[in-house]
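Inspection log for the structure reproduced underneath, given as structure tokens.
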Number of protein chains: 2
Amino acid sequence: MNIGEIARRAGVSRSTVSYSLSGKRPVAPTTRKRIQDVIDELGYRPNATARALKEGRTRTIGLVIPPAGNRLNHMQLDFVASVVDAAARADLDVLLSPSGGDHDKSFERLISERRVDGVILMEIRVEDARVGRLQQARLPFVGIGHTAGDEEMCWIDVDYAGLIRHTVRHLADLGHRKVALVNRSPELVAAGYGPALRAAEGFAAATAERGVTGIDVPCGDDARSGQDLLAALLDAHPDLTALTTINEAALPGIQRALDDAGLVVPQDFSVTGVAATLWAEDFRPPLTAADVPALDMGDKAVALLVERIASPSTPPRHILLAPPVSLRSSTGAAPAHRAAPAEKAAATRS
Amino acid sequence: MNIGEIARRAGVSRSTVSYSLSGKRPVAPTTRKRIQDVIDELGYRPNATARALKEGRTRTIGLVIPPAGNRLNHMQLDFVASVVDAAARADLDVLLSPSGGDHDKSFERLISERRVDGVILMEIRVEDARVGRLQQARLPFVGIGHTAGDEEMCWIDVDYAGLIRHTVRHLADLGHRKVALVNRSPELVAAGYGPALRAAEGFAAATAERGVTGIDVPCGDDARSGQDLLAALLDAHPDLTALTTINEAALPGIQRALDDAGLVVPQDFSVTGVAATLWAEDFRPPLTAADVPALDMGDKAVALLVERIASPSTPPRHILLAPPVSLRSSTGAAPAHRAAPAEKAAATRS
DNA sequence: TTGTAAGCGTTATCAC
DNA sequence: GTGATAACGCTTACAA
């Protein structure tokens with residue numbers, strides 16, 4: 001079933017069918033009707049591949065996601081969902097490419113075989129070879145996260161430094177004098193993962209500014225790591241009374257370690273950070289946190305990419321999102337000193 | 001940069017370049033080297049669109065996922081990740097289509113514009129118009145889940161009925177006389193969602209077989225719903241001592257409701273079900289459950305689809321997975337009667 | 001061993 | 001208002 005078949009059955013030429021469909025040149029109403037009837041009857045739709053070849057664009061965008069090994073967290077998941085949705089609204093399809101390393105087969109296919117009109121690149125590292133590859137291929141792209149000094153590319157990012165600074169100030173205002181940053185995994189930190197680095201920057205700046213003692217520790221991206229880490233931390237620092245984090249996946253573990261230590265949030269210990277709304281509201285009590293607007297980011301990323309595909313020569317735009325910190329119930333005034341369960345029991349008795 | 005340019009620079013014809021690349025006809029070593037040098041220098045890769053048009057296949061498969069509204073659970077997520085991975089290994093790209101309703105734009109694009117060589121259809125409903133649409137379009141596809149009586153399609157499914165039956169028997173063997181099935185959301189049950197229906201079937205059969213009282217209740221796919229539901233259930237049925245579930249997302253809520261009621265697992269209450277390994281191991285204590293092999297399913301789905309694309313006329317194959325129930329620590333002998341916290345305190349004192 | 005040319009299904013230019 | 005026809009970039013039968 002192709003345009004020639006439709007033309008034959010409607011008794012017109014192929015170009016007339018094409019024009020009738022695109023409206024790029026007037027077609028007599030009677031002819032148009034005749035053509036439309038045949039099309040409806042046969043359920044014809046122009047072949048996307050042929051159209052792409054002719055038009056020089058695929059109406060498809062690539063979404064480069066972290067490889068399967070690193071399980072996507074809820075923030076990333078929401079982002080993917082919203083990209084796919086926004087793309088569908090713009091009549092674009094989304095091709096997925098799981099790629100972490102620099103010489104990934106599927107990424108390379110996407111780029112060099114020109115399967116897509118543009119790319120959204122998730123989880124950019126501070127040094128990221130894929131950026132250069134995309135620029136070299138002259139393929140429009142939008143990064144989620146930004147590289148070191150590069151202003152030559154479009155990106156959208158969350159202002160992790162600013163947000164972590166915000167949360168630290170909030171804790172300092174509540175009287176906390178020793179605060180931990182539970183960062184992302186040691187691997188990511190070592191790999192120069194932007195959010196981890198910038199969170200650390202913001203943390204260092206804010207603790208210095210407010211004269212509080214800061215402990216910056218990486219933590220595996222899962223509940224168990226969170227639990228183990230916090231247990232060790234509480235043990236090593238009896239005067240630690242608060243933490244801030246960008247490690248969503250560790251939150252359930254953090255919660256458990258606090259439970260196990262008999263610490264009540266926020267009376268005995270305050271917790272805050274940057275997280276997807278879902279995680280924040282799933283914490284008990286609900287987490288005072290900067291809610292990452294992942295859904296919004298997907299929309300914005302697609303919009304930016306569409307714009308860039310349309311006019312590749314305009315100067316690249318950058319969007320740095322700084323969502324407000326939502327005050328929920330997981331932060332409170334610093335306790336005089338952090339009671340151990342035994343002391344608490346004693347205090348209750350007296 | 002196209003094949004003509006390479007041919008020109010290497011001083012050969014386009015077909016020689018093509019053959020040199022595909023190996024489908026011998027090329028003199030010297031010529032081949034000359035061509036390869038030019039290709040390497042210019043980083044040429046054949047245009048996927050043109051190749052697809054010529055060959056009549058896109059080397060792309062479609063993955064139809066539930067729309068963004070319904071947040072994917074971890075099982076689905078693992079499945080998507082493994083499909084993308086397996087596809088990449090088979091040098092196939094994956095086009096994502098979020099579609100729930102029957103007349104979805106992006107689904108229709110996928111099918112009728114022939115953007116893909118085959119489709120993996122997630123979350124099939126017992127009556128699913130998309131199945132008919134795919135058959136009509138003669139597009140190879142593999143369903144995750146199966147429709148009512150249809151043996152005319154390829155599918156992979158988890159044997160929810162069998163697994164739930166297994167878990168109920170296990171509970172009955174431990175002496176539990178009243179057991180609940182925490183099913184998926186009321187909407188899904190009403191929509192004729194296969195796993196929910198089949199879990200209910202298996203539950204009904206097993207409770208009848210063992211003469212235990214079964215309570216089959218739907219539950220929203222989130223922690224809060226799980227918490228509310230279980231609290232109500234414990235209240236309404238003081239003699240309820242165990243539950244089985246296929247609702248992963250409700251597990252954290254179930255855990256909380258049990259905590260709140262002062263019930264210790266498995267001494268006071270047993271919990272089991274069907275879940276992704278991650279959730280099972282995240283439960284406290286680790287959940288005795290049938291671990292859904294989501295990663296394995298992705299691999300199998302791609303393999304099945306590839307096979308089907310290669311030979312569309314062979315009789316469709318069906319794979320019904322019945323992973324074993326992993327004994328962990330969340331099930332135990334039924335208590336004489338379920339102690340309320342007050343009674344427990346009394347018991348401890350005596 | 002290599003070159004020529006047809007054709008995949010479109011769109012768009014030119015001619016009528 | 002409509003029809004022939006040349007591309008788009010590739011693969012492959014046919015010729016040499």
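Just so it is clear, the model here is predicted, and its values are computed rather than measured. Sequence lines set the chain letters: A, B, ... in the order given, protein chains first and strands last, and positions in each chain run from 1.
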Atom pair distance, as rounded to whole Å: [atom1] in [X] and [atom2] in [N]:
X	N	atom1	atom2	result
A:R59	D:dC8	CZ	P	19 Å
B:M1	D:dC8	CE	P	14 Å
A:E5	C:dT10	CD	P	11 Å
B:R8	C:dT2	CZ	P	19 Å
B:R57	D:dC10	CZ	P	16 Å
A:N47	D:dC8	CG	C1'	13 Å
B:R114	C:dC8	CZ	C1'	14 Å
A:L53	D:dA6	CG	P	17 Å

*Name all pairs fulfilling the salt bridge (Lys or Arg N to Asp or Glu O under 4.0 Å) condition that reach into residues 9-32 of chain B, sequence neighbours left out, sorted by first residue then second.*
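Sorted result for residues 9-32 of chain B: B:E5-B:R9.
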
Is [Y] close to [X] at the side-chain level, that is, under 4.5 Å between some pair of heavy atoms?
X	Y	answer
A:I39	A:L21	yes
B:H146	B:I124	no
A:P140	A:L305	yes

*Give the nucleotide from the list C:dT1, C:dT2, D:dG9 with an atom nearest to the side chain of B:P26.*
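Between C:dT1, C:dT2, D:dG9, the one nearest the side chain of B:P26 would be C:dT1.
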
_Using the side-chain heavy atoms of B:N2, tell me which of these nucleotides is nearest: D:dT2, C:dG3, D:dG9._
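Looking only at heavy atoms from C-beta outward on B:N2, the closest nucleotide is D:dG9.
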
_No-hydrogen, no-angle side-chain donor-acceptor test under 3.5 Å, B:T58 and B:D117_ =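 Note: B:T58 and B:D117 side chains meet the donor-acceptor criterion.
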
*Going by atom types only, do A:S97 and A:S99 share a side-chain donor-acceptor pair under 3.5 Å?*
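Judged by distance alone, the side chains do not pair up.
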
*Heavy atoms under 4.0 Å, any strand shown: does B:T31 hit a base, just sugar-phosphate, or nothing?*
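Here B:T31 touches the backbone only, sparing every base.
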
Nucleotide N/O to protein N/O under 3.5 Å, stretch nucleotides 11-14 of chain D:
residue, atom, partner, partner atom, Å
D:dT11, OP2, B:S18, OG, 3.1
D:dT12, OP1, B:K24, NZ, 3.4
D:dT12, OP2, B:K24, NZ, 3.2
D:dA13, N7, B:Y19, OH, 3.2
D:dC14, N4, B:R25, NH1, 3.4

_Please find the pair of heavy atoms, one from A:R308 and one from A:C154, that lie closest to each other, and give the distance._
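Closest pair (atom of A:R308, atom of A:C154, distance): CD-SG, 3.3 Å.
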
*DNA chain C: B:R34 or A:G4, which has the more 5' nearest nucleotide?*
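The 5'-side residue here is B:R34.
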
